[in-house]
Protein chains: 2
Amino acid sequence: MTNHALLDSCPLYQGLSPQDKDYALTYFDARVKTYEKGAFLHQVSFPLPRFGLVLSGTVQVYMDDIDGHHIIMNHVETGDLFGESYAFLGIEAPIYICAVTEVEILWMSPARIKIPLSPVSALDQELSNRFVACLAHRTLAMNQRVQILSRNTLRMKLITFLSQYAAEKGDRFTIPFDRASMAAYLGADRSALSRELSRMQAEGILAFHRNHFQILK
Amino acid sequence: MTNHALLDSCPLYQGLSPQDKDYALTYFDARVKTYEKGAFLHQVSFPLPRFGLVLSGTVQVYMDDIDGHHIIMNHVETGDLFGESYAFLGIEAPIYICAVTEVEILWMSPARIKIPLSPVSALDQELSNRFVACLAHRTLAMNQRVQILSRNTLRMKLITFLSQYAAEKGDRFTIPFDRASMAAYLGADRSALSRELSRMQAEGILAFHRNHFQILK
DNA sequence: AAAAGTCCGTTGCTTTTGCAACGGACTTTT
DNA sequence: AAAAGTCCGTTGCAAAAGCAACGGACTTTT
């Protein structure tokens, strides 16, 4: 049986009573599976019949470009979903999903959202709405990503990226990326990123150590 | 009364019978409104209670960065939707929506999706599913955008951008952007874009005139 | 404890890019 | 038809960024 406390980290289950959580797990036909660090949860060009919730650990969704660069599509931490769009549409997913750490995944099916059992209960409707809200939030998150990537200098990308964190977490925060992933996330070269970060630190704009940052401005 | 033929360009209404289209218009509480070229359909920080379908013309959804650059979030042609996420979530939309040409917009409400009238008919369910599918497709479209923007040279951004068009439309196609919008879409400078396009033409990779392109390579 | 591996800052070099400005082709306005 | 406006290619220049390589700090493996 799934640990109900873990589920509260996800907007899909947040605040539901234990009975409702159990019902929801049935509604989504949920199954838990664990993967060790570095394992692939999915490979390019397979269909993705279920979407995932990360119960513990971190996964990364990425594609590869011609030159072998990783393009990070989604960095998924504990409590986040991935693959909802592909699962709902039932289409092939041209992506890799890889376990950054050992992870525990709750795989869920969107079948009941598309084809409800009648009559539709209030809880059925609530769960469906929550799923759609997650989809909508995903587009907003991607909007933020586009805002970063659209900037035409690395300095401005960094300022936008860090401002988004600062807006959410305050002036001190830890990011979930190492330098290589951060560079991929910003669409930049790792050494150029290190260089620019060092410059900004020298200018007194920010301070950092590894993946911990402090905005000074 | 709305022209039913126009509605067929949108996945929300495509293939429905005339009666079902009428029902759908009621379901979404649809209202038509026209705007002249250059008019704002929405300004930053207002709530966006309805999402829009472009019946004719083109609109652009964008934000402005600190330096006054436009960041294009969405370029919306006839038959496309915009604002579904904000409308569904009922939150403030930090965006500008501007009519690029004279436009006719069908404004719709997602209220019945969130709070259905019971009993839910098969058509109600179909319309809800179509709306969710549109949301899912939006995230896929944004994935493509992220693929372009993540490339770390303008040349690679261009190749990715043009390849996406070529994959859909073949080796000759017309893009809906002028150079300034194209540059904003790619997160680059307009003159740098012109220069790179000229280089690629000189190298025999492609041919173009204004917004008409042909892939040669 | 040595060895291997990982992560990250640094640097030299070359290429790419942004920026500003100009001018030509074309369209719209008056 | 002149004038004003728009769109786009071009260019010179300075700044930014990619690339490759190295080395130090730290962690994990053996």
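Letters A, B, ... mirror the listed sequences (proteins, then strands); counts begin at 1. Predicted, not measured: the structure shown is a model, and the values here were computed from it.
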Open item on the list: So does P176(A) get a backbone contact from the side chain of E77(A), meaning a donor-acceptor N/O pair under 3.5 Å?
Closed with: no
- [ ] Tell me whether the centres of the aromatic rings in F161(B) and Y185(B) are closer together than 6.0 Å.
- [x] yes
Open item on the list: Measure CZ/F177(B) against P/dC7(D) and give the value in whole Å, please.
Closed with: 15 Å
Open item on the list: For a stem of at least 3 consecutive Watson-Crick or G-U pairs with distances under 3.5 Å, i pairing with j, i+1 with j-1 and so on, which stems involve DNA chain D?
Closed with: C:1-30 with D:1-30
Open item on the list: Each nucleotide in nucleotides 12-28 of chain D should get exactly one letter: B, S or -. Can you fill that in based on protein heavy atoms under 4.0 Å?
Closed with: BB---BBBBB-------
TODO: Nearest whole angstrom, please: distance from the P of dT16(C) to the CZ of R151(B).
DONE: 17 Å
TODO: Calculate the interatomic distance between F213(B) atom CZ and dG9(D) atom C1'; express it in whole Å.
DONE: 13 Å
- [ ] For S198(A), answer base if it contacts any base atom (sugar-phosphate contacts may also be present), sugar-phosphate if it contacts only those atoms, and nothing otherwise; contact means non-hydrogen atoms under 4.0 Å.
- [x] sugar-phosphate
- [ ] Take atom CG of L158(B) and atom C1' of dT17(C), then tell me their distance rounded to the nearest Å.
- [x] 13 Å
Task: Separation of dC7(C) C1' from D178(A) CG (nearest whole Å) - done: 7 Å
TODO: Decide side-chain hydrogen bond (donor to acceptor under 3.5 Å, both in side chains) for D64(A) and H69(A); before the verdict, give the C-alpha distance in whole Å, the side-chain angles of both, and the deciding distance to 0.1 Å.
DONE: CA-CA 6 Å; D64(A) 283 334; H69(A) 292 133; over 6 Å; no
What side-chain donor-acceptor pairs closer than 3.5 Å can you find for residues 55-62 of chain A, not counting sequence neighbours?
{"unit_1": "Q60(A)", "atom_1": "NE2", "unit_2": "H75(A)", "atom_2": "ND1", "d": "2.9"}

Task: For atom CE of M156(A) and atom C1' of dG18(C), their distance in whole Å - done: 14 Å
Open item on the list: Looking at K37(A) and V100(A), would you say the former's side chain and the latter's main chain have a donor-acceptor pair under 3.5 Å?
Closed with: no
